[in-house]
There are 2 protein chains.
Amino acid sequence: MSNVTIKDLAKLSGVSLATVSRVINQKGYVSQELSAKVLRAVEETGYRPNQAARSLVQRRTDSIGVIVHNLHDPFFYDLLRGFEQAAAEISYNVLFASVLGGDTKSKEKYLQYLSGGVVDAVVMYGSYMSDEEMLRCASPSSSVDYMLIENDIQGFKCNKLLINNVQGAYSAVEYLMGKGHTDIAHICGNPNKKVTIDRLNGYLAAMRDKGLEVQDGYLQQLSADYRNGYARMKSLLALKNRPTAVFCSDDAIASYAVRAALDAGLRVPEDISIMGFDFQTNLPERYRGPDLTTVKQPLYQIGFDSITLLAGQLKKGRFDQPERKVYDTQIVEQETVCGPCR
Amino acid sequence: MSNVTIKDLAKLSGVSLATVSRVINQKGYVSQELSAKVLRAVEETGYRPNQAARSLVQRRTDSIGVIVHNLHDPFFYDLLRGFEQAAAEISYNVLFASVLGGDTKSKEKYLQYLSGGVVDAVVMYGSYMSDEEMLRCASPSSSVDYMLIENDIQGFKCNKLLINNVQGAYSAVEYLMGKGHTDIAHICGNPNKKVTIDRLNGYLAAMRDKGLEVQDGYLQQLSADYRNGYARMKSLLALKNRPTAVFCSDDAIASYAVRAALDAGLRVPEDISIMGFDFQTNLPERYRGPDLTTVKQPLYQIGFDSITLLAGQLKKGRFDQPERKVYDTQIVEQETVCGPCR
DNA sequence: ATCCCATAAGTAAACGTTTACACAAGAAAT
DNA sequence: ATTTCTTGTGTAAACGTTTACTTATGGGAT
């Protein structure tokens, strides 16, 4: 019963291999009579085509692979919805691979595996890989098409979807200024990551452009993880020239900053405004403060576009003009920002 | 540069196909000399083995597929972590396929596709499929191994991991009784789903066993979706014989029940205790009430076990003894239950 | 009557691997 | 001196499809 092949079907229905194939793929000419015979055989045997053989000769799989780390992280909510929606609208199968944390070994494994023709295209979010590692696993000139999200790796010529973190931070500061703030501090994240640096630069550029001074102690660098945002906020609150607004490098940090302010007996946002940036890494503890005013990344759109663009390129057959798009962010007004009460 | 094959490598390094294969798979005898030559050719060409050809002849892919609906749903948090952790510990690749909502068409598509030898085993969560649909896509006697989670479909002989919803609901009632409650109501969910019916039966059985009466109006049936939990709770509160505790069919319902109680000016849990059941379907609105006391499903364990069990069976080669496990739940004491204040 | 085209069906060659088998040479054991 | 074992290499047959090519038949247009 197991592993029925096209050959069995041919024997069973008394036709040739080619005819069976034609019936199954509804392609080419075949008479009603033989067609019926073959279909009956398919029914009887529970035949299911072998995808390996099929894709070996067709040199395509009609599938797209997606590699991310920590698929379970709520951060991926919107991105995943984008992937899923796009997947539902196209005829390609979309398969996800997830690796834990910074497990680059596994990431390489999956990238190599998928690049071996398991899928026709691969989209990859982030990646802690270096250019060389990347090239070792995937060849940009191979027959599989690549799409990188939030990863502007240089040596690898392929499709790229990026988020304008500089503009995002810049607009956050503008927004705070629009509310009347001038004493604006920044808690910046891990200074070895490009996102962090971009957001820091956006903050600095906006301050400079608008003629605002980054006062003494206004630049707080996170040590360890986001929980340290609590301590950093405490430092800011202890300043003589206490800021009236704090822009944080991401929402996780911001949530701890809010907690610190509330614990210090301040009201948020009346006494101090706090702003985050849409990067909700998974918080083990439930956040109970006011909803964060934040800078939102268009992750749904990016997820959707990544799949859709790839599908388009695959359909055309040749993908020599890699796409490169930079997405702007948007401010979401919620409960942690208001004008300064002075 | 694209699509280098083993043949190219053989030509380039002046050896036979077999030798190249042996070098690449580090299998069989091959001299240092030739090995070096081949490896150099691999390096130069950026060769990557074609997985389709490989799995065609080996009749295995060393991968396991997972099909779920709404992968983005936070409900899957623990389940996904279980899958991921197991995936990281075994040598198999794990690939996820996600379909939107109740899109059985897509689910069938993926099941058929994966069953065509794209993976060696498939785990499937839930499923709105009937026996016949299931059989149409996947043959239990095929060479791919199946694992069903929370789906006790009858006509399909394969591995099954189930949750003891009856026991879960039963223990919830016992827990409430232990706190001193006797007037315990139940808001039950969609009565066409097996989960709901099981939980209802658990509630009823516990009440009967302990000699408690299900008083007039104590059984509330949800109409429409979980938001209706608000109205159902209102109905309970309007009763002359108002219950002191309410057990809800799932957490989503419970969260609306809590809101209704709070809106009615009652304190939770001092005035009324409310219990949920771990099924956190995605709530668009943020829940701000006290943390729910609830019945927790061992989803992490189930995710982990599903992959691990399959990997074990695959390694053994023959999977004729399907596994069937029923998991008990556990009560998580949080903030919505205390003794009755009478 | 001839030619061409649409329909129908079969034969056989790919696709890129792995692997069973054959063969050889040298070393070790009889 | 013969056998046996280990190491090393190559040849060719799979694996299950798709598809280019070939052949045949019956009609419609010339």
Side-chain angles (χ1 to χ4, degrees), chain A residues 2-39 41-42 45-63 112-113 115-118 120 139 142-144, chain B residues 2-39 41-42 45-63 112-113 115-118 120 139 142-144:
Chain A
S2 73
N3 281 347
V4 186
T5 74
I6 221 176
K7 216 177 220 164
D8 302 323
L9 294 183
K11 203 164 295 174
L12 228 83
S13 46
V15 303
S16 72
L17 293 188
T19 302
V20 176
S21 178
R22 280 190 276 257
V23 171
I24 287 165
N25 299 300
Q26 307 182 50
K27 193 182 204 174
Y29 296 112
V30 50
S31 67
Q32 283 288 324
E33 193 194 340
L34 294 199
S35 183
K37 271 192 200 167
V38 172
L39 289 175
V42 167
T45 57
Y47 167 79
R48 209 176 335 287
N50 180 307
Q51 298 296 339
R54 188 195 284 258
S55 64
L56 178 58
V57 52
Q58 294 198 135
R59 331 174 113 245
R60 67 195 161 84
T61 61
D62 297 319
S63 312
Q112 293 217 38
Y113 178 65
S115 294
V118 175
D120 299 336
S139 41
S142 86
S143 55
V144 355
Chain B
S2 73
N3 281 347
V4 186
T5 75
I6 221 176
K7 216 177 221 165
D8 301 323
L9 294 182
K11 204 163 294 174
L12 227 83
S13 45
V15 302
S16 72
L17 293 188
T19 301
V20 175
S21 178
R22 280 189 277 257
V23 171
I24 287 166
N25 299 299
Q26 306 182 50
K27 192 183 205 175
Y29 296 110
V30 50
S31 68
Q32 283 290 321
E33 194 192 338
L34 293 200
S35 182
K37 271 192 201 167
V38 172
L39 288 176
V42 168
T45 56
Y47 166 79
R48 207 175 339 285
N50 180 308
Q51 298 295 339
R54 189 195 282 259
S55 66
L56 177 59
V57 51
Q58 293 198 134
R59 333 175 110 247
R60 65 193 162 85
T61 61
D62 297 318
S63 311
Q112 293 218 38
Y113 178 64
S115 294
V118 175
D120 299 335
S139 41
S142 87
S143 56
V144 354

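Labels below follow one simple rule: chain letters A, B, ... track the order of the sequence lines, proteins then strands, and each chain is numbered from 1.
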Engineer: Could you state the NZ-P distance from B/Lys7 to D/dT11, rounded to the nearest angstrom?
Structural biologist: 13 Å
Engineer: Checking all strands, does A/Thr5 fall into the base, sugar-phosphate, or nothing category for heavy-atom contacts under 4.0 angstrom?
Structural biologist: sugar-phosphate
Engineer: At less than 4.0 Å, is any side-chain N or O atom of B/Ser21 found next to OP1 or OP2 of C/dT17? Yes or no.
Structural biologist: no
Engineer: Contact class for A/Lys27 vs. all strands (heavy atom < 4.0 Å): base, sugar-phosphate, or nothing?
Structural biologist: sugar-phosphate
Engineer: Out of curiosity, A/Tyr47 OH to A/Ile24 CD1, how far, rounded to the nearest 0.5 Å?
Structural biologist: 4.0 Å
Engineer: Whole angstroms only, please: what is the CD-P distance between A/Gln51 and C/dT17?
Structural biologist: 19 Å
Engineer: May I have the distance from B/Asp8 (atom CG) to C/dC15 (atom C1'), rounded to whole angstrom?
Structural biologist: 13 Å
Engineer: Would you please name every residue forming a side-chain contact (heavy atoms from CB on, under 4.5 Å) with B/Thr5, sequence neighbours left out?
Structural biologist: B/Lys7, B/Asp8
Engineer: What residues, two or more places apart in sequence or in another chain, satisfy side-chain hydrogen bond (donor to acceptor under 3.5 Å, both in side chains) together with B/Ser16?
Structural biologist: B/Thr19
Engineer: Summarise how protein sits on nucleotides 3-14 of chain C as a single string, 5' to 3': B when a protein heavy atom is under 4.0 Å from the base, S for sugar-phosphate-only contact, - for no contact.
Structural biologist: ----BBBBB---
Engineer: From CG of B/Leu56 over to P of D/dC15, roughly how many Å is that when rounded to an integer?
Structural biologist: 9 Å
Engineer: Could I get the full list of side-chain hydrogen bond (donor to acceptor under 3.5 Å, both in side chains) partners for A/Asn50, not counting sequence neighbours?
Structural biologist: none
Engineer: May I have all residue pairs that pass salt bridge (charged side-chain N to carboxylate O under 4.0 Å, His left out) and include part of residues 20-36 of chain B, sequence neighbours excluded?
Structural biologist: none
Engineer: Can you list the residues that meet the side-chain contact (heavy atoms from CB on, under 4.5 Å) rule with B/Ser115, with sequence neighbours excluded?
Structural biologist: A/Arg48, B/Leu111, B/Ala138, B/Tyr146
Engineer: Are OP1 or OP2 of D/dG16 and a side-chain N or O of B/Arg59 less than 4.0 angstrom apart?
Structural biologist: yes
Engineer: Tell me: CD1 of B/Ile24 to P of C/dG16, nearest whole Å?
Structural biologist: 14 Å
Engineer: Separation of A/Gln58 atom CD from D/dG16 atom P, in whole Å?
Structural biologist: 17 Å
Engineer: Is there side-chain contact between B/Leu9 and B/Val42, with heavy atoms separated by less than 4.5 Å?
Structural biologist: yes
Engineer: Got a sec, which residues hit side-chain hydrogen bond (donor to acceptor under 3.5 Å, both in side chains) with A/Ser21, two or more places apart in sequence or on another chain?
Structural biologist: A/Asn25
Engineer: Counting only side-chain N and O atoms of B/Asn25, is one of them less than 4.0 Å from OP1 or OP2 of C/dT18?
Structural biologist: yes
Engineer: Separation of B/Lys37 atom NZ from D/dT9 atom P, in whole Å?
Structural biologist: 9 Å
Engineer: Based on the rotation axes of five pairs at each end, what angle does the helix from C/dA1-D/dT30 to C/dA29-D/dT2 bend through, to 10°?
Structural biologist: 40°
Engineer: Take atom NZ of B/Lys11 and atom C1' of D/dG10, then tell me their distance rounded to the nearest Å.
Structural biologist: 16 Å
Engineer: For B/Gln112, which residues count as a side-chain contact (heavy atoms from CB on, under 4.5 Å) partner, sequence neighbours excluded?
Structural biologist: B/Cys137
